[in-house]
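All remarks here apply to the structure that follows.
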2 protein chains.
Amino acid sequence: MPRKRSTSVTLSDVAERAGVSVATASKALNARAEVAAETRTRVLRAADELAFQPNALARGLISGSSGTIGLITDELGGRFAIPILLGVENALGDEQMSVLLCDARGDAIRRRHYIRTLVSRRVDGLIILGDRNDMRPSLTREIPVPVVYVYAESDDPADLSVLADDEGGARLAVEHLVGTGRRRIAHITGEEGYRAARDRATGCQTVLREHGLPLVGGAPLYGEWTQSWGRRAAGMVLRTSPDVDAFFCGSDQIATGVAETVRELGRRVPEDVAIVGYDNWEVFAAQCRPPLTTVDLNLQSLGATAVRHLFAALNAAPTGGAVRHPGRLVIRESTVAAPSSRHPAAGAEPGPR
Amino acid sequence: MPRKRSTSVTLSDVAERAGVSVATASKALNARAEVAAETRTRVLRAADELAFQPNALARGLISGSSGTIGLITDELGGRFAIPILLGVENALGDEQMSVLLCDARGDAIRRRHYIRTLVSRRVDGLIILGDRNDMRPSLTREIPVPVVYVYAESDDPADLSVLADDEGGARLAVEHLVGTGRRRIAHITGEEGYRAARDRATGCQTVLREHGLPLVGGAPLYGEWTQSWGRRAAGMVLRTSPDVDAFFCGSDQIATGVAETVRELGRRVPEDVAIVGYDNWEVFAAQCRPPLTTVDLNLQSLGATAVRHLFAALNAAPTGGAVRHPGRLVIRESTVAAPSSRHPAAGAEPGPR
DNA sequence: CTGAAAGCGCTTACAG
DNA sequence: CTGAAAGCGCTTACAG
């Protein structure tokens with residue numbers, strides 16, 4: 001419990017210094033029309049000299065709105081929460097809103113506790129940020145303010161959920177592969193338990209079917225979201241289907257592992273085998289040998305979209321349903337040879353700086 | 001601007017339903033002593049039935065304290081902010097405090113704006129979270145509440161800064177290498193402009209000097225914080241100093257690159273060459289071939305420490321100075337051969353699941 | 001043990 | 001154009 005705060009400058013301090021009433025001071029500072037220009041200047045100067053900062057708590061009490069949004073995350077540590085969070089925070093800043101951050105760590109008790117706290121703090125709305133694109137139980141019933149689910153879908157169709165468009169992202173990737181002449185494409189991805197993995201596989205298979213192409217190996221290779229799974233799976237595919245000419249991978253980590261094995265088994269990327277990752281996680285995608293073509297989920301803009309929907313719900317009747325936010329393809333050298341590659345031999349490392 | 005909120009349940013609703021005054025209701029809910037047990041039960045039941053949540057804004061107005069802490073980050077996207085943030089958020093939760101999160105994106109204008117906003121919201125204290133351990137200008141003068149700097153040091157010695165102990169971390173790493181018999185140690189690290197890089201180099205060189213050992217190559221190899229720099233630098237060292245028997249790296253990313261090159265040039269890790277990373281960034285450290293021994297900065301507990309110091313400052317006269325938070329060594333197979341390594345040949349990949 | 005009253009810092013009709 | 005008054009939802013001396 002903090003010690004009693006040193007009293008800060010208050011509106012009546014400003015009013016006194018400007019020689020007006022607090023009512024007039026308030027109007028002057030809030031740029032209401034009915035204040036004489038000269039009076040306003042005086043008040044503004046006084047406020048400035050005293051470094052007056054209006055008490056947002058008092059304002060909130062009156063307006064019934066705190067100017068804050070609660071953001072409850074499942075797992076901040078994951079690699080999806082942060083970009084989304086950044087998009088949310090940025091979009092809220094434009095609206096003079098602040099974000100109260102709570103990390104529930106995937107614990108239902110904690111989540112409940114945080115919801116109570118945030119309601120008590122009179123947040124104007126709530127964003128529930130999931131750690132995977134999957135379905136999850138609605139929490140809206142216990143929350144008296146508008147709620148938007150992000151990177152997780154509420155199981156109540158009356159709730160609004162903003163999701164990454166995994167099927168669409170996979171389409172972009174595989175269409176790119178087909179468009180650059182690949183015909184023997186395999187799909188190595190993460191755990192089948194993730195809807196994201198299944199949706200990407202669906203998008204991949206749909207495109208192949210549209211082009212009358214087979215999926216090498218006959219089925220997606222589900223496994224783990226790790227480089228080591230990428231290495232192993234690539235080894236299996238290269239052994240059983242040596243004519244494979246492209247890998248579409250469920251993540252950049254997997255793609256990095258795939259690239260290592262392809263390289264070690266003596267195939268050239270992209271000349272012999274193309275590789276596409278997913279996530280555009282720079283530390284992997286840009287540092288892979290060669291750098292990875294990959295799908296960027298546009299997570300920041302997904303976060304901003306969520307905020308836009310939340311504001312719509314604050315101002316009007318909320319709408320439900322799932323919004324799929326599109327990704328984009330980032331093309332690097334793992335699918336298309338660099339314009340001026342001096343040494344076609346693998347292993348050429350770019351120079352410093 | 002949100003629409004006028006649907007009026008929420010208020011203390012007088014509770015009081016009315018319980019048949020008491022708001023004053024009594026307040027006392028009952030706050031567990032003050034001077035309330036009859038029977039009255040309290042009645043009030044609590046009424047509050048429960050109405051799902052009453054006290055208005056934190058009103059409470060804050062009275063107490064002069066909002067029960068929130070402002071957290072201003074430089075770059076949430078970096079890999080250090082999140083673990084620290086988690087530690088901070090968790091420690092604050094234990095104290096019933098919420099965190100208002102603002103990402104300044106390294107922009108001084110934004111930072112100023114956020115400081116004003118947070119002061120206006122009457123945060124009880126502020127945490128300034130840097131994106132590198134370096135020195136930076138103090139902001140304390142413009143902030144009327146206690147401030148703690150984390151993962152960045154204020155240039156005003158009267159301010160309190162909590163930093164990662166990079167020199168100590170490097171000592172742990174190099175002492176481990178020396179202790180396991182390495183004598184020809186090289187140091188490959190990131191940009192010299194980072195104090196973290198320089199401090200780690202200092203720690204490394206100090207330990208070597210204490211043991212009368214040379215630094216292979218004569219000086220630390222400063223470069224970039226990337227795998228590709230690790231690959232290049234390792235190639236250089238192996239060419240010019242083929243008797244090198246260990247690499248201490250400034251990051252796990254660099255170490256990953258080093259491991260790749262060492263492997264490709266036919267040396268075994270750890271038999272011929274040991275590698276130590278820095279950061280314990282799991283997606284790199286655990287997925288490296290072989291998994292990396294590395295220094296964990298204990299960032300979560302660093303965040304908790306910062307909160308502890310902030311609370312001390314809230315309750316008493318603040319103290320200044322820089323606190324160095326210790327890291328710890330995480331030992332994996334890049335320095336010590338696994339107990340039962342069946343195939344000493346490189347490339348053995350662990351099984352699935 | 002209970003309740004009426006004052007007040008936290010501000011805004012907003014409403015008189016003047 | 002300005003200011004006195006009421007009120008946002010709560011807590012806290014202070015009477016009773």
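These numbers come from a predicted model, not from an experiment. Just so we're on the same page: letters track the sequence lines, and every chain starts at 1.
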Worksheet entry | Check: B:Ser138/B:Asp155 side-chain N/O donor and acceptor closer than 3.5 Å | no

Worksheet item: CD of B:Glu16 versus C1' of D:dG9: gap in Å, rounded?
Response: 15 Å

Fill in: Rounded distance in Å - CZ (B:Arg42) to C1' (C:dC1)
12 Å

Discussion item. In this structure, how many angstroms lie between the C1' atom of D:dG7 and the CG atom of B:Leu57, rounded?
Written reply: 15 Å

Worksheet item: Which one is paired to D:dA13, where only Watson-Crick or G-U wobble pairs with both distances under 3.5 angstrom count?
Response: none

Worksheet item: Between the main-chain N or O of B:Ala18 and the side-chain N or O of B:Arg42, is there a donor-acceptor pair closer than 3.5 Å?
Response: yes

Worksheet item: What pair of heavy atoms forms the shortest contact from B:Ser98 to A:Leu100, and how long is it?
Response: CB-CD2, 3.8 Å

Practice prompt. Might you point out which heavy atoms bring B:Pro83 and B:Leu299 nearest each other, and give the distance in Å?
Written response: CB-CB, 3.6 Å

Discussion item. Just the rounded figure in Å: distance from C1' of C:dG7 to CG of A:Leu61.
Written reply: 12 Å

Discussion item. Distance check needed: C:dG3 C1' versus B:Arg40 CZ, whole Å only.
Written reply: 17 Å

Fill in: Minimum-distance pair of heavy atoms, taken over all atoms of B:Leu76 and B:Ile82
CD2-CD1, 3.6 Å

Worksheet item: More 5' along DNA chain D: B:Gln53 or A:Val20, using each one's nearest nucleotide?
Response: A:Val20

Worksheet item: If you take all heavy atoms of B:Tyr149 and B:Leu139, which pair is closest and at what distance?
Response: OH-N, 2.7 Å

Worksheet item: Which nucleotide in the set C:dC10, C:dT2, D:dC10 lies at the smallest distance from any side-chain heavy atom of A:Thr10?
Response: C:dC10

Worksheet item: Which nucleotide in the set D:dG3, C:dC10, D:dT2 lies at the smallest distance from any side-chain heavy atom of A:Asn55?
Response: C:dC10

Practice prompt. For nucleotides 11-16 of chain D, just jot down a letter per nucleotide in 5' to 3' order: B, S or -, based on protein non-hydrogen atoms under 4.0 Å.
Written response: BBB---

Worksheet item: Does C:dC1 have OP1 or OP2 sitting under 4.0 Å from an N or O in the side chain of B:Thr39?
Response: no

Worksheet entry | Identity of whatever pairs with D:dA4 - Watson-Crick or G-U, under 3.5 angstrom | none

Worksheet item: Do you know which two heavy atoms are closest between A:Asp296 and A:Asn298, and how far apart they sit?
Response: OD1-N, 2.7 Å

